> 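Quick one: this structure, given as structure tokens, is what I'll be asking you about.
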Amino acid sequence: QVQLVESGGGLVQAGGSLSLSCAASGRTDSSAAMGWFRQAPGKEREFVGAINWSGTRTYFQDSVKGRFTISRDNAKNTVYLRMNSLKPEDTGVYHCARARSTSWGTPAAIYDYEYWGQGTQVTVSS
């Protein structure tokens, strides 16, 4: 089993920045992609972005491209999400997740991911 714990959420004004961390423990596999998802009140959980095992490739949904970045430190089993130029519509509970070993390419669907953190709240005020 793998345990994922997010941290770093909070309240920020529109246009501000926030950094989230995801610490993994248990049986980890650095070859798996790590992704970030978010869920706003009354909406379904949606893909935000992900990073491959080597940290050489990241990809994002269109609404956050150019504003969010992802990095990982495999030695520390930690993934980071840096959010810049935040908008009120970025508000939600942010979850990190580890992809299934059988998810190839650029996994971005909920069913591509096997392990999930409990989430951390991000609130962007206007």
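From a predicted model like this one, the values you see are computed outputs, not experimental measurements.
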> Yes or no on ring pair (Phe, Tyr, Trp, His ring centres under 6.0 Å) for Phe47 and Tyr59, after CA distance, side-chain angles and deciding distance?
CA-CA 10 Å; Phe47 175 75; Tyr59 50 98; 5.7 Å; yes
> Quick one: closest heavy-atom pair of Thr78 and Lys76, and the distance?
OG1-O, 2.9 Å
> Looking only at non-hydrogen atoms, find the nearest pair between Tyr94 and Val48 and report the distance.
CE2-CG2, 4.3 Å
> Look up atom SG in Cys22 and atom CG in Asn77, then write down how far apart they are to the nearest 0.5 Å.
10.0 Å
> Residues in salt bridge (Lys or Arg N to Asp or Glu O under 4.0 Å) with Asp112, at least two apart?
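By the salt bridge (Lys or Arg N to Asp or Glu O under 4.0 Å) rule, Asp112 matches no residue at all.
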> A side-chain contact here means heavy atoms from C-beta on lying under 4.5 Å apart; do Leu20 and Val122 qualify?
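Yes, side chains in contact.
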> Is Tyr80 close to Asp73 at the side-chain level, that is, under 4.5 Å between some pair of heavy atoms?
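Yes, their side chains come closer than 4.5 Å.
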> State plainly whether one hydrophobic cluster holds both Ile51 and Val5, where clusters connect Ile, Leu, Val, Met, Phe, Trp and Tyr through side-chain heavy atoms under 4.5 angstrom apart.
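Different clusters: Ile51 never reaches Val5 through Ile, Leu, Val, Met, Phe, Trp or Tyr contacts under 4.5 Å.
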> Tell me every residue that passes side-chain contact (heavy atoms from CB on, under 4.5 Å) with Glu89, counting only those two or more places apart in sequence or in another chain.
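Partners of Glu89 by the side-chain contact (heavy atoms from CB on, under 4.5 Å) criterion, ordered by chain and then number, come out as Lys87.
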> Could you walk me through whether Arg38 and Thr91 pass side chain to side chain contact (heavy atoms under 4.5 Å, CB included), step by step?
CA-CA 8 Å; Arg38 68 187 180 189; Thr91 293; over 6 Å; no
> Please give me the minimum heavy-atom distance between Trp116 and Arg45, naming the atom from each residue.
CE3-NH1, 3.3 Å
> Check whether any side-chain heavy atom of Leu81 lies under 4.5 Å from a side-chain heavy atom of Glu6, and answer yes or no.
no
> Kindly indicate whether the side chain of Leu86, heavy atoms from C-beta on, has any atom under 4.5 Å from the side chain of Gln13.
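No, every pair of side-chain atoms sits at 4.5 Å or beyond.
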> Do Val64 and Met83 have side chains that approach each other closer than 4.5 Å (heavy atoms only, starting at C-beta)?
no
> State, to 0.1 Å, how close Ala32 and Ala99 come at their nearest heavy-atom pair, and which atoms those are.
CB-O, 3.8 Å
> As an exercise, state the distance from CZ of Arg82 to OG of Ser71, rounded to the nearest 0.5 Å.
10.5 Å
> Between Arg72 (side chain) and Asn52 (backbone), is there a donor-acceptor pair under 3.5 Å?
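Yes, Arg72 side chain to Asn52 backbone: donor-acceptor pair under 3.5 Å.
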> Evaluate the side-chain proximity of Phe37 to Tyr113: yes if any heavy-atom separation is below 4.5 Å, no if none is.
yes
> Would you confirm whether Arg98, through its side chain, and Tyr115, through its main-chain N or O, come within 3.5 Å as a donor-acceptor pair?
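Looks like no, no N/O pair under 3.5 Å.
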> What is the distance from atom CD1 of Ile110 to atom CD of Gln39, rounded to the nearest 0.5 Å?
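Rounded to the nearest 0.5 Å, the CD1-CD separation comes to 8.0 Å.
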> With a 4.5 Å cut-off on side-chain heavy atoms, are Met34 and Leu4 touching?
yes
> Rounded to the nearest 0.5 Å, how far apart are SG of Cys96 and CD of Gln118?
7.5 Å
> Can you name the nearest heavy-atom pair linking Ser126 to Ala14, along with the distance?
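In this case the closest contact between Ser126 and Ala14 is CA-CB, 4.4 Å.
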> So, do Arg100 and Tyr111 sit near enough that their side-chain heavy atoms are less than 4.5 Å apart?
no
